Protein chains: 2
Amino acid sequence: MRILVLGGDGYCGWPTALYLSSCGHDVAIADNFHRRSWDHELGAQTLTPIRPLTERLRTWQRRTGREIESFIGNILEYEFLAGVMREFEPEAVVHFAEQRSAPYSMIDRQHAVFSQVNNVVGTLNVLFAIKEFQPDCHLVKLGTMGEYGTPNIDIEEGYLRIRHNGREDVLPYPKQPGSFYHLSKVHDSHNIHFCCKIWGIRATDLNQGVVYGTVTDETALDPALVNRFDYDEVFGTALNRFCAQAAIEHPLTVYGKGGQTRGFLDIRDTVRCIELACMNPAARGEFRVFNQFTEQFSVLDLAQMVHIAGERLGLTVTIDHLPDPRVEAEEHYYNAKHTKLAELGLKPHLLSESLLDSLVNIAIEHRDRVDVNLLLPRVNWRNSRNDRRAKPAISAVAAD
Amino acid sequence: MRILVLGGDGYCGWPTALYLSSCGHDVAIADNFHRRSWDHELGAQTLTPIRPLTERLRTWQRRTGREIESFIGNILEYEFLAGVMREFEPEAVVHFAEQRSAPYSMIDRQHAVFSQVNNVVGTLNVLFAIKEFQPDCHLVKLGTMGEYGTPNIDIEEGYLRIRHNGREDVLPYPKQPGSFYHLSKVHDSHNIHFCCKIWGIRATDLNQGVVYGTVTDETALDPALVNRFDYDEVFGTALNRFCAQAAIEHPLTVYGKGGQTRGFLDIRDTVRCIELACMNPAARGEFRVFNQFTEQFSVLDLAQMVHIAGERLGLTVTIDHLPDPRVEAEEHYYNAKHTKLAELGLKPHLLSESLLDSLVNIAIEHRDRVDVNLLLPRVNWRNSRNDRRAKPAISAVAAD
């Protein structure tokens, strides 16, 4: 199958592109390196030293004999995207090419507007390009479990059968997103659903949980194929951040009580879910929603697991409860369904002691790269302006 | 009360500004004349000859002794909007400053992207400006009944109590908007709801039905105060368009079976609803939703009423059923609640024979201004590119 991976240089996109290539698909990547430039902006870097995309792709070809084509450009420029669609003629487009950090979107007005315009217009362009150049192509779009928020009822996969005043309908599940980023994904979902209806586009919206881990079978083949491992307060997801904190014996930063419960999955399952979605496309006109996660944990659960893993490895690990910089329920009901990908054959990698040990070990290996100034939350949802500029002098003092 | 009307030069904004001023409020208008420039783009004009904003405001002051301040600029430019907020210090912001035509948003990719970026970023800017400069100010935002679509259950006002698997919650009513424009309003609603939650903003989302009529007590005071009356396929709403068609004995253009049922209201009720919302503000942090319409009609109901009114006035009126250029249910269940504004004191102007006669008479008075080339639908939802450029030569032939 010919699969185009938009955002194929990022944390999920890169291992996905490799996995799809290893499965024998013809894969192309489109990327504009936004993710790498946000690191420059924030003064951050991935814990694992990643290589330039050209070197990554050369190494993959040398190691496996498989070629992954690359297109460098911004999908917000329609002429670029149209050119990619015409040249590569994908049968599936996997769309990771969005700003994916909630704190980044909450820094200030410019970052909120950027996140929404970037994500919404990029996805609109993808929809128009499919309609105009590859109408039978299947859109596999990365959404987020955060679109649902934390309702007091069970979370279903995209739709809910509702009985009301003696009548009944199946309607889109109500959305309560918790950041300008999460909102952008809700906007995308509505836009995609509409285009499926009017143009007969095939789409699968993967409402993904929080991803952890960094290594897949493919990225492990060569040091030049190593994947990102973000640990900073803006782009680092909870479990990865805790592992980096444990590695340098910095307190694990739990926000509030830590009762915030979410769906999680191993990056090795992310790449498998994408392939399952591609191989089992939505029908023409169908807007299909899968909840893409394998287990639920509270943030405090994760911190306690990292605490134990760290001690097992001889580290002194403590847990700090910081005031929650986000506006969210710190304790709540949470029961989200996730059966559709399992029905397609997903065999989950559940979070295990050995995985936790390996994650902490990766963090230990690279601990000289951890910048302690990037660990504490500096983006507060209650402010409309948060100063995230890197300030070397002041930060050096604050780090003492 | 100090009330800022964003989009105060438009079809709903202008009579609202006058009504609020006549009630004794201190009113300011902000507008960038986008609405007038879209007429230039489409080769269209309002049936009623409207005057420049400066002349409108001078006339209002001369007639009533009341001054309405004006700020000319685009709310997408944050410095402009911030300056208005700092200078005028509004207690309520009434936000009409959006692209409001479904067909306009469906012309092509550029118009879709423009409609969503313009509306979403404008509203984000308003939210940030309220947070940063007037945190106690009440946002009165124009949404649309079209956010709900046509579900097979009763439509409630913004929220729905849902029981599911033995648990219960009150959640945002599921949205099924039917154009890129309607989608932009859904995006706005989600963004506003979130900002109420994180920043304690007060907001009322007025999910307005389709507005008809053109005259209010205030616009009738002087010919220079006359309001817009759009009849073209892009900006003309159903009833006003039918009246213009009847006036020139052009068949009334009903799309499909005409069973599409919507909420409607008289423009004299629009202005009253806005004042009621301003005088009864939402609480800090409250995201309040009112359905702002007074009666439900099907499109065919309206055409038949205009048919009868036209014949009463000696016109020969026929009804044409055209293939529906929109993707929508042509027959469906529709029962939408609209009690909250009535509870605040709204006394509706129901659609009457005398109002229909007066609307058709206004159209007859200005029938020399009707361009028949603008009556038939040229924007089809099923296409991603619709040619709406004015083509004088070709149109002259087509008009024969």
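Proteins get letters first, then strands, A, B, ... in listed order; numbering begins at 1 in each. Below, each value reflects all heavy atoms present in this structure, side chains not excepted, and no hydrogens, waters or symmetry copies. No experiment lies behind these values; they were computed from the predicted model shown.
The part of A:E156 that comes within reach of chain B is its side chain, from C-beta onward, which places non-hydrogen atoms under 4.5 angstrom from that chain. Contact annotation for A:L124: only side-chain heavy atoms (C-beta onward) come within less than 4.5 Å of a heavy atom of chain B. Contact of A:W199 with chain B is made through the side chain alone, with heavy-atom distances under 4.5 Å. Neither the backbone nor the side chain of A:L127 has a heavy atom closer than 4.5 Å to any heavy atom of chain B. If you measure heavy-atom distances from A:V117 to chain B, the contacts under 4.5 Å come from the side chain alone. There is no contact between A:N335 and chain B, counting heavy-atom distances below 4.5 Å. Looking at B:V186, only its side chain comes within 4.5 Å of chain A, counting heavy atoms on both sides.
A:K131 contributes a side-chain N or O that, together with a main-chain N or O of B:R382, makes up a donor-acceptor pair within less than 3.5 Å. Judged by distance alone, the side chain of B:D169 and the main-chain N or O of A:I153 form no donor-acceptor pair under 3.5 Å.
Distance CZ/B:F194 to CD/A:Q176: 12.0 Å, rounded to 0.5 Å. Here the OG-CD1 distance, from B:S384 to A:I130, works out to 12.0 Å after rounding to the nearest 0.5 Å. Between the CD1 atom of A:I162 and the CZ atom of B:R163 there is a distance of 11.0 Å, given to the nearest 0.5 Å. Taking CG from B:N383 and CD1 from A:I198, the interatomic distance works out to 9.5 Å, rounded to the nearest 0.5 Å. Atom NE2 of A:H190 sits about 14.0 Å away from atom CZ of B:F180, to the nearest 0.5 Å.
Annotation: B:R86, atom CZ; neighbour count of heavy atoms from other residues, nucleotides and ligands within 6.0 Å is above 12. Heavy-atom contacts from other residues, nucleotides or ligands closer than 6.0 Å to NZ of A:K257 number 12 or fewer.
Closest approach of B:P172 to A:K175, counting heavy atoms only: CG-O, 3.7 Å. The shortest heavy-atom contact between B:L171 and A:P151 is CD2-CB, 4.0 Å. Closest heavy-atom contact between A:F128 and B:D108: CE2-C, 4.0 Å.
In terms of non-hydrogen atom pairs under 4.5 Å with chain B, the most contact-rich of A:V327, A:L160, A:V121, A:V170 is A:V327. Considering only heavy-atom pairs separated by less than 4.5 Å from chain B, the leading option among A:G200, A:G166, A:A112, A:S179 is A:S179.
Ion pairing between a basic and an acidic side chain is recognised when a charged N comes within 4.0 Å of a carboxylate O; A:E132 and B:R109 show no such pairing.
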* **Residue pair B:Q116, A:H187: steps toward the side-chain hydrogen bond (donor to acceptor under 3.5 Å, both in side chains) verdict** => CA-CA 10 Å; B:Q116 294 212 347; A:H187 306 341; over 6 Å; no
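Annotation: side chain of A:E168 is not in contact with side chain of B:N152 (no heavy-atom distance under 4.5 Å).
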